[in-house]
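If you're wondering where the values come from, they're calculated on a predicted model, not measured in any experiment.
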Amino acid sequence: MRISVTIFLTDETITPAHLARELEQRGFRGLYLPEHTHIPVERTTPYPAGGDLPPEYGRTLDPFVALAQAAAVTRRLALGTGITLVAQHDPIDLAKRIATLDHLSGGRFTLGVGYGWNVEEAADHGVAWRTRRDLVRDRMALMRALWSAEPTGYTGEFGGVRASFAHPKPVRKPRGPVVGPRTLVGGAAGPGLFAHIAEFADGWLPIGGRGLAEALPALRSVWAEAGRDPAALEVVPYAVRPAPGKLAHYAELGIEEVVVQLPPAGGTEVLRALDDYAALLPGGTGQG
């Protein structure tokens, strides 16, 4: 099983370059970074995990800038977002940023797509909360048009783009309806989410990985009904805290990659956590 990591990189933590070098040297698969542009002080939206919102949410580095630094000092390490808040971006600008990072890293980028949870953060970007999922779907379609091999226009409910010359292109070739880099959609299990995954993604990025055994049959059914190749579906449990038997359980479900959570800390603490997780890597002695 491939073991990747995620971490809230901030202005107070280990740097992207330092962490990326350590991950590649130790044999970890990839590095996924979250995104929050800002956290409004006056906020009524509850933290999804309960309790107070951890301070690192308001100090998060821009994931694309941080991943570009990580790409520059590595050659094999996969790079991804977990997740990109697509609704909070201009899609033409975002398409260029994604394609550039994917091109410069040699096709190592994974786009993790998310719908967001912080109403106030989204509102400052002009996002209407009720229609944000439709907005994300629309913006993904617009970006696919820009990533297409030939100039392709798009007109949607929330915006459009003329047929344009737009380079570089993402490295991966189109697969089924998916155009662009490897794309995974985050969110809670449900028919709406699964429909979006089957429409424009390579798979699912479920946070924590709970309830997968119950959810996977429904996802696979929606995927098959959309005419997608059953063997191509990817499910990548995200922000996992390994426990005895957990990785073995994932393997039984056919899962090939897991993203484990690192603490938002300085170099010493983060490298200590990597030493603990090293037992999970191929050839290690841990059971997850």
Set out, in order, the CA-CA distance, both residues' side-chain angles and the distance that settles ring-ring contact (aromatic ring centres under 6.0 Å, His included) for Y47 and Y57, then state yes or no.
CA-CA 10 Å; Y47 175 41; Y57 277 74; 5.5 Å; yes
Selection residues 2-23 - residue pairs positive for salt bridge (Lys or Arg N to Asp or Glu O under 4.0 Å), sequence neighbours left out
R2-E256, R2-E257, D11-R59, E12-R59, E22-R26
Any ring-ring contact (aromatic ring centres under 6.0 Å, His included) involving residues 154-183? Give me the pairs, sequence neighbours left out, ordered by first then second residue.
none
Of the non-hydrogen atoms in D102 and V171, which two are nearest, and what is the gap between them?
OD2-N, 2.7 Å
Kindly assign one of parallel, tilted or perpendicular to the pair H89 and F64, based on the angle between their ring planes and the thresholds 30° and 60°.
perpendicular
Apart from V119 itself, members of its ILVMFWY cluster (side-chain separation under 4.5 Å) are W129
Here the side-chain hydrogen bond (donor to acceptor under 3.5 Å, both in side chains) pairs for residues 64-74, sequence neighbours left out, are T74-R108
Rounded distance [0.5 Å steps], CD in E234 versus CD1 in I255:
11.5 Å
With sequence neighbours left out, the residues meeting side-chain hydrogen bond (donor to acceptor under 3.5 Å, both in side chains) with D124 are H38
If you round to the nearest 0.5 Å, how far is CG of L31 from CG of L9?
6.5 Å
In terms of hydrophobic clusters joined by side-chain contacts under 4.5 Å, are F109 and I7 together?
yes
Which pairs pass salt bridge (Lys or Arg N to Asp or Glu O under 4.0 Å) with one or both residues in residues 88-98, sequence neighbours excluded?
D93-R97
Under the side-chain hydrogen bond (donor to acceptor under 3.5 Å, both in side chains) test, which residues partner T152, sequence neighbours left out?
none
side-chain hydrogen bond (donor to acceptor under 3.5 Å, both in side chains) partners of T6, counting only residues at least two apart
Y238
Expected output: side-chain R228 to main-chain L233 donor-acceptor under 3.5 Å:
no
Please enumerate all residues that pass side-chain contact (heavy atoms from CB on, under 4.5 Å) together with T155, with sequence neighbours excluded.
none
Point-to-point distance, once rounded to the nearest 0.5 Å, from CZ of R182 to CZ of R172:
6.5 Å
Taking distance alone, no hydrogens or angles, what donor-acceptor pairs closer than 3.5 Å link side-chain atoms of residues 184-213 to residues at least two apart or in another chain?
unit_1 : atom_1 : unit_2 : atom_2 : d
H196   : ND1    : Y115   : OH     : 2.7
E199   : OE1    : R137   : NE     : 2.7
E199   : OE2    : R137   : NE     : 3.0
E199   : OE2    : R137   : NH2    : 3.3
D202   : OD1    : R175   : NE     : 3.0
D202   : OD2    : R175   : NH2    : 2.8
D202   : OD2    : T183   : N      : 2.8
W204   : NE1    : G187   : O      : 2.9

Does anything in residues 33-48 form a salt bridge (Lys or Arg N to Asp or Glu O under 4.0 Å)? List the pairs, not counting sequence neighbours.
none
For T268, check side-chain hydrogen bond (donor to acceptor under 3.5 Å, both in side chains) against everything at least two apart and list the hits.
none
